[in-house]
Amino acid sequence: MKDIKFYNVCKSYGTTNVIENLNMTIKAGERLVVLGPSGCGKTTLLRMIAGLESITSGDLIMGDRKVNHIASGERNVAMVFQNYALYPHMTVKDNIQYGMKIHKIDSHEIEKRYKKAIELLELEDFVNRKPRELSGGQRQRVALARALVKRSDYFLLDEPLSNLDAQLRVAARKGLVDIHNMFKQTFIYVTHDQTEAMTIGHRIALFNKGKLQMLATPNEIYNFPKNVFTAKFIGSPSMNIIEGNYEYGNIYFGENKYVVHEIWNNLISEKSSSDSIYLGIRPEDVKLSRAEEKYSLKGVVRYIENYGNKEGVYIDLGVSEIIAITENSEYQYGSEIYVVLNPYKIHIFDGKTLLSLGCPDLVKEKISVA
């Protein structure tokens, strides 16, 4: 089995901890996306797998062997770097074949793999060009082809699409998934782009400040975030998070009072460590109304963004701001408005730990049915 297991893995530079006490299993043959903001330890994690960074403590198991002190060249990994790292004096053909020649692979096998890679990545017309004569998208495909021909058990990608324009990234994402579906390597993809994570990964490992925040499928991370950081990082625009105080079945947000539905009351009473809580709701789940309704809060429109087919309406609730995504707002700056927070769409987080209090069974059932 070509899985990867981290047991209490730490990586530090002096007194700076980059990866802290990581316990995680990457399943053989899966597409795992390592996601997080800049500086959270994503690239360091990938480089530890590749053998380009040492491990400060803990154990890294690849397949059936501990690789803490195994050289990079003996780990059977193929890696695509953010800057592609192509040899500038070599042609496309030589860049792709060079690694195989170094490893003394049979010439017939080299040619077979090479032809398959350039056909798959549509590089036939560029094989005699040098990297400086290629566009960013073409260089990216050459780097992928060079990694692909190694036929390694582990395929590591460090933000390989970050240098491409938005339109080309969409096509490239689909191409990467097609490649993986064909060869089934254990695939670890590092990115700070949540759209890439949601569309590419079987599972997402979300990091912040060197700590694993959540490891789950894209749907689980989106629908059941484990903490405030996950809730705010996943989604565009991100989830609305409003701080309030819970008292006797109500949540108070300054002068606004939100009546808590009975499906949440027991959960809040049993699991909250304090009266302070955070209520979360995704912008697309916020309903706008000109009149007060049950489960609504009063606010004032402060800003409207035009997305073409939809609008983002920013509403000041007094103590915080909330955004609603609507198809046609018909509201003006300064208008008084009510935001309706459907109890089957909200999330509740502990005010001290910032962890999710969980999800009532009725809410889980409703999401599963949908």
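Only a predicted model underlies this, so the values are computations on that prediction, with no experimental measurement involved.
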*Asks:* Would the Tyr314 and Tyr303 ring centres measure less than 6.0 Å apart?
*Replies:*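 Ring centroids of Tyr314 and Tyr303 are less than 6.0 Å from each other.
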*Asks:* Quick one: are Met62 and Val77 in side-chain contact, heavy atoms under 4.5 Å?
*Replies:*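 SC-SC contact between Met62 and Val77 confirmed.
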*Asks:* For Glu284, I'd like to know if atom CD has over 12 heavy atoms of other residues, nucleotides or ligands within 6.0 Å.
*Replies:*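 For Glu284, atom CD is crowded (more than 12 foreign heavy atoms under 6.0 Å).
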*Asks:* Main chain of Lys130, side chain of Glu133: is a donor-acceptor contact present, judged purely on distance under 3.5 Å?
*Replies:*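 Yes; at least one donor-acceptor contact below 3.5 Å.
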*Asks:* Is there a side-chain contact between Asn240 and Pro283, using heavy atoms and a 4.5 Å cut-off?
*Replies:*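 Answer yes - side chains close enough.
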*Asks:* Which heavy atom in Phe207 sits nearest to a heavy atom in Pro37, and how many Å separate them?
*Replies:*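 Reported closest heavy-atom pair: O-CD, 3.4 Å.
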*Asks:* For Glu255, does the CD atom sit with more than 12 other heavy atoms under 6.0 Å from it, leaving out its own atoms?
*Replies:*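 Incorrect, the count does not exceed 12.
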*Asks:* Looking only at side chains, do Thr230 and Asn227 share a donor and an acceptor under 3.5 Å apart?
*Replies:*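 A pair is found: one side chain offers a donor N or O, the other an acceptor, under 3.5 Å apart.
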*Asks:* Is Asn17 reaching over with its side chain to a backbone N or O of Glu20, donor-acceptor style, under 3.5 angstrom?
*Replies:*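 Not a single qualifying donor-acceptor pair exists.
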*Asks:* Arg139 pairs by side chain to side chain contact (heavy atoms under 4.5 Å, CB included) with which of Asn95, Val92, Leu134, Leu144?
*Replies:*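 One option only clears the test, and that one is Leu134.
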*Asks:* Atom CG of Leu156 and atom CD1 of Ile188: how far apart are they, to the nearest 0.5 Å?
*Replies:*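 So the gap between those two atoms works out to 5.0 Å.
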*Asks:* If you look at every heavy atom in Gln194 and Phe233, which pair is closest and at what distance?
*Replies:*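 Closest pair (atom of Gln194, atom of Phe233, distance): NE2-O, 3.3 Å.
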*Asks:* Got a salt bridge between Lys298 and Glu336, using NZ or NE/NH1/NH2 to carboxylate O under 4.0 Å?
*Replies:*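 So Lys298 pairs with Glu336 through a salt bridge.
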*Asks:* Is a side-chain N or O of His261 found less than 3.5 angstrom from the main chain of Ile263, in a donor-acceptor match?
*Replies:*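 Judged by distance alone, yes, a pair lies under 3.5 Å.
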*Asks:* Does a side-chain heavy-atom distance below 4.5 Å link Leu161 with Leu176?
*Replies:*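 Result yes, sub-4.5 Å side-chain heavy-atom pair found.
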*Asks:* Hey, could you give me the NZ/NZ distance between Lys93 and Lys115, rounded to the nearest 0.5 Å?
*Replies:*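 Taking NZ in Lys93 and NZ in Lys115, the distance rounds to 8.5 Å.
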*Asks:* Would you kindly say whether Tyr246 and Asn265 are connected by a side-chain donor-acceptor distance under 3.5 Å?
*Replies:*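 Yes, Asn265 and Tyr246 have a side-chain donor paired with an acceptor closer than 3.5 Å.
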*Asks:* Under 3.5 Å, side chain of Ser72 to main-chain N/O of Leu52, donor-acceptor pair present?
*Replies:*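 Answer holds: no.
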*Asks:* So, do Val33 and Glu196 sit near enough that their side-chain heavy atoms are less than 4.5 Å apart?
*Replies:*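 Result no, sub-4.5 Å side-chain heavy-atom pair not found.
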*Asks:* Looking at Lys226, I'd like to know if its NZ atom is crowded, meaning that more than 12 non-hydrogen atoms belonging to other residues, nucleotides or ligands lie closer than 6.0 Å.
*Replies:*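 No, because the 6.0 Å sphere around NZ of Lys226 holds 12 heavy atoms or fewer from other groups.
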*Asks:* Could you tell me whether a side-chain N or O of Arg141 sits under 3.5 Å from a main-chain N or O of Glu122, the two making a donor and an acceptor?
*Replies:*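 Yes, the answer is positive, given that a donor and an acceptor are paired below the 3.5 Å cut-off.
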*Asks:* Given the rule in the salt bridge (Lys or Arg N to Asp or Glu O under 4.0 Å) test, do Lys287 and Glu293 qualify, once you have shown the distances and angles that lead to the verdict?
*Replies:* CA-CA 10 Å; Lys287 175 189 170 185; Glu293 296 185 20; 3.2 Å; yes
*Asks:* Is there side-chain contact between Lys27 and His202, with at least one heavy-atom pair below 4.5 Å?
*Replies:*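 They are not in side-chain contact.
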*Asks:* Are Phe187 and Ile179 packed together at the side-chain level, in the sense that at least one heavy-atom pair is separated by less than 4.5 angstrom?
*Replies:*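 Counting from C-beta outward, Phe187 and Ile179 never come under 4.5 Å.
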*Asks:* Does some side-chain heavy atom of Phe126 sit less than 4.5 Å from a side-chain heavy atom of Val142?
*Replies:*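 Sidechains of Phe126 and Val142: no contact.
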*Asks:* Find out whether Tyr258 and Leu297 are in side-chain contact, i.e. whether some heavy atom of one side chain is under 4.5 Å from a heavy atom of the other.
*Replies:*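 They are in contact (side-chain heavy atoms under 4.5 Å apart), so the answer is yes.
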*Asks:* Do Asn223 and Arg282 have side-chain atoms, one donor and one acceptor, less than 3.5 Å apart?
*Replies:*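 Arg282 and Asn223 do not have a side-chain donor-acceptor pair below 3.5 Å.
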*Asks:* Could you check whether Glu53 and Tyr13, counting side-chain N and O atoms only, form a donor-acceptor pair closer than 3.5 Å?
*Replies:*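 Indeed, the side chains of Tyr13 and Glu53 share at least one donor-acceptor pair under 3.5 Å.
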*Asks:* So how far is it from Ser107 OG to Lys101 NZ, rounded to the nearest 0.5 Å?
*Replies:*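 Answer for the OG-NZ pair, Ser107 versus Lys101, is 9.5 Å.
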*Asks:* Hey, are Glu321 and Arg302 close enough for a salt bridge, meaning a charged N less than 4.0 Å from a carboxylate O?
*Replies:*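 Not counted as a salt bridge, because no side-chain N and carboxylate O are separated by less than 4.0 Å.
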*Asks:* Do you know which two heavy atoms are closest between Arg75 and Arg65, and how far apart they sit?
*Replies:*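 Shortest heavy-atom contact: CA-NH2, 3.8 Å.
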*Asks:* Going from CG on Leu22 to OH on Tyr7, what distance comes out if it is rounded to the nearest 0.5 angstrom?
*Replies:*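 Those atoms lie 12.0 Å apart.
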*Asks:* Judged by atom type as modelled, is there a donor-acceptor pair below 3.5 Å linking the side chain of Thr186 to the main-chain atoms of Lys2?
*Replies:*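 Flag set: sc Thr186 to bb Lys2 pair under 3.5 Å.
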*Asks:* Do His180 side-chain atoms and Gln185 backbone N/O form a donor-acceptor pair below 3.5 Å?
*Replies:*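 Answer holds: yes.
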*Asks:* Please check if atom CD in Glu305 has more than 12 non-hydrogen atoms from other residues, nucleotides or ligands closer than 6.0 Å.
*Replies:*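 Yes.
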*Asks:* Kindly compute the distance separating CZ (Phe229) from OG (Ser238), expressed to the nearest 0.5 Å.
*Replies:*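 So the CZ of Phe229 and the OG of Ser238 are separated by 11.0 Å.
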*Asks:* Grab the two heavy atoms, one from Val9 and one from Asp59, that are nearest each other, plus how far apart they are.
*Replies:*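 Shortest heavy-atom separation between Val9 and Asp59 comes out as CG2-O, 3.2 Å.
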*Asks:* So, taking the atom named CD1 in Ile19 and the one named OG1 in Thr56, what distance separates them when rounded to the nearest 0.5 Å?
*Replies:*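 Reported value, rounded in 0.5 Å steps: 10.0 Å.
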*Asks:* Give a yes-or-no answer on whether the side chains of Glu220 and Thr217 include a donor-acceptor pair shorter than 3.5 Å.
*Replies:*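 Note: Glu220 and Thr217 side chains meet the donor-acceptor criterion.
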*Asks:* Please give me the minimum heavy-atom distance between Ile221 and Ala216, naming the atom from each residue.
*Replies:*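 Answer, listing the atom of Ile221 first, then Ala216: CG1-CB, 3.9 Å.
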*Asks:* Give the minimum heavy-atom separation between Ala145 and Ile96, together with the two atoms involved.
*Replies:*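 Of all heavy-atom pairs spanning Ala145 and Ile96, the closest is CB-CD1, 3.8 Å.
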*Asks:* Would you say Gln138's side chain and Ser135's backbone share a donor-acceptor pair under 3.5 angstrom?
*Replies:*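 Yes: the side chain of Gln138 pairs with the backbone of Ser135.
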